[in-house]
Amino acid sequence: MSIKLLIDTDLGGDCDDVGAIALANILQNNNKVEIIGITHTTSLSWGVPCIDIINRYYHHQIKIGANMDDNYCNDNCNRYAQKMAERFYSSYKDRKDAKEAISFLRKTLSEQDDHSLTIVCIGQLINMARLLKSKSDEYSKFDGVELVKKKVKEFVVMGGLFNKENEIITFEGKEYKSEYNICCDIASAQYFIQNVPTKVIFNDFKCGYQVHTLGPLIEKKDMNNPITFAYVNFQSKARESWDLLTIYYAAYHDLEMFSISNNGTILIDDKGITTFDELKQSNHYYLMLKQDAKTIENTINNYFKEDVL
């Protein structure tokens, strides 16, 4: 039986969201997952059309919801999105054509079997925090926490940087202390992790940081492929694979590729720095890589070998 996924993404700020949504579509074509919906987190006008473009490339029409706030995390988020939206067909002109994210989420969750859904978060956690804060409505008598507890089996979140003592991580030439999805909106991340009522697994920044994928696809230079188009316009080389690995784990729970921590408690301070308290048991876990980066790169790249007709 395929795993039901709902994906929450900030597509536009990085190209790995494109790769991740493409991978989810490929896995749906392989009957491994069923994507029941996708929500977008930022105010970028072209995020929703780009999501639809990717889905359509893989022959899927998937319902989309969107954050309708103005000026939320949309700075420096357009290295490829507008070009992609103008280059390829979408039934969405911009994010305003989508359903508002929280109504979309509540309606979608209400229609699912109990404990059947995996939510994959590959962006800021504003939609998830607002879902947990939501009240009963025409879709469900349950408030957000109870609705999530009833319908969601687990969350898999691209978020956090869990450094060991005295460990220093550098990224783009400087020390990296707080992971992007968390530090963009610390308040939402804190609310989510403090109130989420079901199992949540964070994919540590260090996992995707080590793995660079889609280089072989980019080398084909097929600009009629929207995934290639996005990557080339972003940086024209293989990219770190944070979001792709998050999707992959959600689909496979591959414990040859990953190891998973014991249950503990994830803490997020007011600077967005994440720590893991292994002595305080909770429903929180985080991922670490078990296989070497090259093996993982080959595994992911193999999914993109076949062109879509």
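In what follows, residues are counted from 1 in the order of the sequence shown.
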Criterion side-chain hydrogen bond (donor to acceptor under 3.5 Å, both in side chains) on Ser2 and Asn31, from CA distance to verdict: CA-CA 6 Å; Ser2 60; Asn31 298 314; over 6 Å; no

Show your working on side-chain contact (heavy atoms from CB on, under 4.5 Å) between Ser241 and Thr213 and close with a plain yes or no. CA-CA 6 Å; Ser241 305; Thr213 53; 2.6 Å; yes

Apply side-chain contact (heavy atoms from CB on, under 4.5 Å) to residues Asn181 and Met158 and explain how you reach the verdict. CA-CA 7 Å; Asn181 290 341; Met158 177 53 238; 3.8 Å; yes

What's the verdict on side-chain hydrogen bond (donor to acceptor under 3.5 Å, both in side chains) for Asp52 and Ser90, showing C-alpha distance, side-chain angles and the deciding distance? CA-CA 6 Å; Asp52 185 53; Ser90 169; 2.8 Å; yes

Going through the checks in order, is the side-chain contact (heavy atoms from CB on, under 4.5 Å) test met by Leu244 and Leu214? CA-CA 10 Å; Leu244 289 93; Leu214 272 63; 3.8 Å; yes

What verdict does the side-chain contact (heavy atoms from CB on, under 4.5 Å) test give for His212 and Glu297, after you've listed the backbone C-alpha separation in whole Å, the side-chain angles of each residue and the deciding distance to 0.1 Å? CA-CA 6 Å; His212 296 76; Glu297 288 168 7; 4.0 Å; yes

Using the side-chain hydrogen bond (donor to acceptor under 3.5 Å, both in side chains) rule, take Asn224 and Arg87 through it: C-alpha gap first, then chi angles, then the decisive distance, then the call. CA-CA 9 Å; Asn224 291 317; Arg87 168 67 174 79; 2.4 Å; yes

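Annotation: side chain of Tyr58 is in contact with side chain of Ile227 (closest heavy-atom distance under 4.5 Å). Between Met128 and Cys121, some side-chain heavy-atom pair lies under the 4.5 Å cut-off. Side chains of Val211 and Leu289 form a contact here, defined as non-hydrogen atoms less than 4.5 Å apart. In this structure the side chain of Ile273 never reaches within 4.5 angstrom of the side chain of Ile268, judged on heavy atoms. Residues Ile122 and Asp8 are not in side-chain contact: their nearest non-hydrogen atoms beyond the backbone lie 4.5 Å or more apart. Residues Phe258 and Ile296 form no side-chain contact, since every pair of their non-hydrogen atoms from C-beta on lies 4.5 Å or further apart. Residues Phe104 and Arg106 form no side-chain contact, since every pair of their non-hydrogen atoms from C-beta on lies 4.5 Å or further apart. When side chains are defined from C-beta on, Phe304 counts as touching Ile26, because their heavy atoms get closer than 4.5 Å.
Annotation: Asn76, atom CG; neighbour count of heavy atoms from other residues, nucleotides and ligands within 6.0 Å does not exceed 12. More than 12 heavy atoms of other residues, nucleotides or ligands shown are found within 6.0 angstrom of CD on Glu167. Around the CD atom of Glu256, the shell of radius 6.0 Å holds no more than 12 heavy atoms that belong to other residues, nucleotides or ligands. Other residues, nucleotides and ligands place no more than 12 heavy atoms under 6.0 Å from the NZ atom of Lys149. In this structure, Lys237 places its NZ atom where only 12 or fewer heavy-atom neighbours from other residues, nucleotides or ligands lie under 6.0 Å away. More than 12 non-hydrogen atoms from other residues, nucleotides or ligands lie less than 6.0 angstrom from NZ of Lys99. Remark: Lys294 NZ is loosely packed, at most 12 non-hydrogen atoms of other residues, nucleotides or ligands lying under 6.0 Å away. When the shell of 6.0 Å around CD of Gln281 is examined, it contains 12 or fewer heavy atoms from other residues, nucleotides or ligands.
The heavy-atom pair separating Ala238 from Ile218 by the smallest distance is N-CD1, 3.8 Å. Smallest separation of non-hydrogen atoms from Asn301 and Gly215: OD1-N, 4.3 Å.
Checked for salt-bridge contact, Asp70 and Arg95 meet the test: a charged N lies under 4.0 Å from a carboxylate O. Residues Lys150 and Glu146 are not paired through a salt bridge, judged by the lack of any N-O separation under 4.0 Å between the basic side chain and the carboxylate. Asp143 has no carboxylate O lying under 4.0 Å from a charged side-chain N of Lys135, or vice versa, which leaves the two without a salt bridge.
With no hydrogens or angles considered, no side-chain donor-acceptor pair links Asn25 and Arg56 at under 3.5 Å. Side-chain contact annotation: Asp69 with Ser43, donor-acceptor N/O pair under 3.5 Å absent. Donor-acceptor pairing under 3.5 Å is lacking for the side chains of His115 and Glu154. Side-chain contact check for Asn29 and His60: at least one donor-acceptor pair (N or O, by modelled atom type) lies under 3.5 Å. Between the side chains of Ser116 and Asp113, not a single donor N or O lies within less than 3.5 Å of an accepting N or O. For the residue pair Gln124/Thr41, the side-chain donor-acceptor check at 3.5 Å is satisfied.
Ring centroid separation for the pair Phe205 and Phe171 comes in under the 6.0 Å cut-off. Proximity of the aromatic rings of Tyr285 and Phe202 is defined here by a centroid distance below 6.0 angstrom, and this criterion is not met. Close placement of the Phe192 and Phe155 rings is indicated, their centers lying within 6.0 Å of each other.
Identified under the side chain to side chain donor-acceptor pair (under 3.5 Å) test for residues 261-270, with sequence neighbours left out: Gln190-Asp270.
The distance from atom NZ of Lys177 to atom CD1 of Ile168, rounded to the nearest 0.5 Å, is 8.5 Å. To the nearest 0.5 Å, the span separating OG on Ser91 from NZ on Lys93 amounts to 13.5 Å. Note: Ile102 CD1 to Thr39 OG1 = 8.0 Å, rounded to the nearest 0.5 Å. Distance OG/Ser178 to NZ/Lys271: 10.0 Å, rounded to 0.5 Å.
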Using residues 12-22 as the side-chain source, report each donor-acceptor pair under 3.5 Å to any protein atom, sequence neighbours left out, with the distance given to one decimal.
residue	atom	partner	partner atom	Å
Asp14	OD1	Arg239	NE	3.0
Asp14	OD2	Arg239	NE	3.3
Asp14	OD2	Arg239	NH2	2.7
Asp16	OD2	Asp243	N	3.1
Asp17	OD2	Thr9	OG1	2.8

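Scanning for side-chain hydrogen bond (donor to acceptor under 3.5 Å, both in side chains) contacts around Asn163 gives an empty result, with sequence neighbours left out. Residues meeting the ring-ring contact (aromatic ring centres under 6.0 Å, His included) test with Phe142, sequence neighbours left out: none. Applying the side-chain hydrogen bond (donor to acceptor under 3.5 Å, both in side chains) criterion to Glu100, with sequence neighbours excluded, gives Ser103.
Gln28 places a side-chain N or O within donor-acceptor distance of the main-chain N or O of Ile35, the cut-off being under 3.5 Å. The backbone N or O of Ala85 sits nowhere less than 3.5 Å from a side-chain atom of Gln82 that would complete a donor-acceptor pair. Remark: side-chain polar atoms of Gln210 are paired, donor with acceptor, to backbone N or O of Lys206 under 3.5 angstrom.
Ring-plane geometry between Tyr303 and Tyr252 is classed as tilted, the angle between the planes lying from 30 to 60 degrees on a 0 to 90 degree scale.
Cation-pi geometry between Arg79 and Phe234 is met: under 6.0 angstrom from the ring centre, within 45 degrees of the axis. Figure legend: Lys83 and Phe229 shown without cation-pi pairing, the cationic atom not lying both under 6.0 angstrom from the six-membered ring centre and within 45 degrees of its axis.
Leu44 belongs to a hydrophobic cluster whose remaining members, ordered by chain and number, are Trp46; membership requires side-chain heavy atoms of ILVMFWY residues under 4.5 Å apart, directly or through intermediates.
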